[in-house]
Every structure is written in C-alpha cells, then in structure tokens.
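Here is the structure we will look at, set down as structure tokens.
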Amino acid sequence: MMEILFKAMAKSPDLEESSFLSQFGDQPIMQVRFNFYPPCSRPNMVLGVKAHSDRLGVTVLLQDDVVEGLQILKDDRWIKVPIIPHALVVNLGDQMQIMSNGIFKSPMHRVLTNTSKLRISVAMFNELEQDKEIGPVNQLIDDKRPRLYKNDKNFAGFNYECFQKGKIAIEGAKI
Ligand SMILES: O=C(O)CCC(=O)C(=O)O
Ligand SMILES: [Fe+2]
C-alpha cells in the first residue's frame with residue numbers, strides 16, 4: 001500500500017516512480033501505533049497529543065469511528081478532521097516535505113481529549129531502512145527552487161527530540 005502511494009506521489013511533480021520510494025531503502029520498516037485516549041475530566045487543559053508534524057513519509061490513519069479529536073493547523077487556525085466512516089486519513093510527514101524540497105507539506109496536527117468518551121486510533125508509518133540518508137530529490141532542485149533542506153541520516157530521531165522540546169523539526173532541517 002505504501003509503495004503504491006509513494007509511486008503515485010512521485011508522478012505528481014513528474015518524477016520517476018521510484019524517486020521517493022528508493023530513499024526508504026530495500027528494507028523499510030512498517031510501524032503501526034495504536035493510540036488510546038482515555039476520557040479526561042479537563043479536556044480544556046489536557047491534550048491527547050500535543051501539536052506535532054509526523055516525522056516519516058506518509059501516515060495512514062484509521063480514526064475512531066465515533067469520537068472526534070484530531071485537528072489540523074491551517075492558516076493559524078485549528079480545523080477539525082471529520083470522521084468519515086470506513087475512510088482512512090492519509091497525512092504527509094516531514095520526510096515527504098524534505099524529499100519533495102518543500103512541494104509537499106507536512107501539516108501540524110494535534111488531538112483533543114473528550115470528557116466522557118474514550119477514543120482509539122490506529123496509525124501506520126513507513127520508516128526508512130536503518131542508517132539511510134534522505135534529502136531533496138535532485139530533479140526538484142533548480143534555480144527557481146533552490147535546495148531548502150539538507151540531507152539527513154537520523155531525521156526521525158531529531159524530530160522526536162524536537163517534539164519533546166516543543167520545537168518544530170522541519171525548521172531545523174533547513175539549510
Ligand atoms: O489519534 C489520532 O487521530 C492522530 C494521532 C497522531 O497524530 C499520530 O499518531 O501521529
Ligand atoms: Fe501525528
């Protein structure tokens with residue numbers, strides 16, 4: 001599934017199919033995370049997940065089919081991501097923004113808690129092969145669009161460090 005997505009995304013800026021996919025290496029790691037948000041008596045004070053952008057290429061998310069909570073930042077405003085039964089939410093991560101030299105954006109998002117209902121979501125991520133370096137695809141760098149990001153070997157770790165410190169990782173990846 002991830003393979004199909006990465007190939008399709010490469011076609012949009014008119015690249016070779018494997019341009020993004022090949023950066024993940026021959027043995028990319030598939031990770032699945034189950035998020036469990038218990039009810040919270042002070043939802044105005046406690047977030048389920050604080051604001052962050054996903055660190056990898058693409059996140060495929062199955063939201064709770066009843067309880068909302070996910071919000072995305074657009075033009076400095078938090079916008080609710082609606083629940084669409086049986087639909088998956090596909091979100092782009094920082095590594096996609098880096099590989100596409102900023103053409104694709106990795107949005108900030110957060111999860112709110114709910115006073116009375118628990119919420120569950122399942123997120124699927126595609127991690128690079130160990131020690132693989134990523135960087136902007138060469139064909140997306142030219143005079144009009146100079147290279148925005150440096151190549152990086154441990155961006156995922158760097159993103160996690162930034163998340164803990166409340167910093168924006170993609171800013172730190174800039175040249
Ligand atoms: O629970 C959700 O809807 C989103 C969780 C999330 O942002 C993540 O796992 O990175
Ligand atoms: Fe996320």
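Counting starts at 1 for both ligands and their atoms, in listed order. Positions are given from 1, in the same order as the sequence printed here. The figures here come from the full heavy-atom set of this structure, side chains too, leaving out hydrogens, waters and symmetry mates.
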For the pair [X] (side chain) and [Y] (backbone), establish whether a donor and an acceptor sit closer than 3.5 Å, ignoring hydrogens and angles.
X: Glu3; Y: Leu21; value: no
X: Gln97; Y: Ser106; value: yes
X: Arg119; Y: Tyr37; value: no
X: Asp64; Y: Ile120; value: yes
X: Arg145; Y: Asn101; value: yes
X: Glu17; Y: Lys7; value: no
X: Ser12; Y: Met9; value: no

- Parallel, tilted or perpendicular: ring planes of His52 versus Phe163, cut at 30 and 60 degrees: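 Taking Phe163 first and then His52, their aromatic rings stand perpendicular (interplane angle over 60°).
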Within the protein, flag every N or O under 3.5 Å from an N or O of ligand 1, and note the pair and distance.
unit_1	atom_1	unit_2	atom_2	d
ligand 1	1 (O)	Tyr37	OH	2.6
ligand 1	1 (O)	Arg119	NH1	3.0
ligand 1	1 (O)	Ser121	OG	2.7
ligand 1	3 (O)	Arg119	NH1	3.2
ligand 1	3 (O)	Arg119	NH2	2.9
ligand 1	7 (O)	His52	NE2	3.2
ligand 1	7 (O)	His109	NE2	3.1
ligand 1	9 (O)	Arg33	NH2	2.6
ligand 1	9 (O)	Asn35	ND2	3.2
ligand 1	10 (O)	Arg33	NH2	3.1
ligand 1	10 (O)	His52	NE2	3.2
ligand 1	10 (O)	Asp54	OD1	3.1

- Message: Please give me the protein atoms (N, O or S only) lying under 2.8 Å from the Fe ion (ligand 2), ordered by chain and number.
- Response: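 Listed by chain and number, the nearby protein N, O or S atoms are His52 NE2, Asp54 OD1, His109 NE2.
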- Item | Verdict with supporting geometry, Asp152 and Ile98, side chain to side chain contact (heavy atoms under 4.5 Å, CB included) | CA-CA 9 Å; Asp152 209 306; Ile98 294 171; 5.7 Å; no
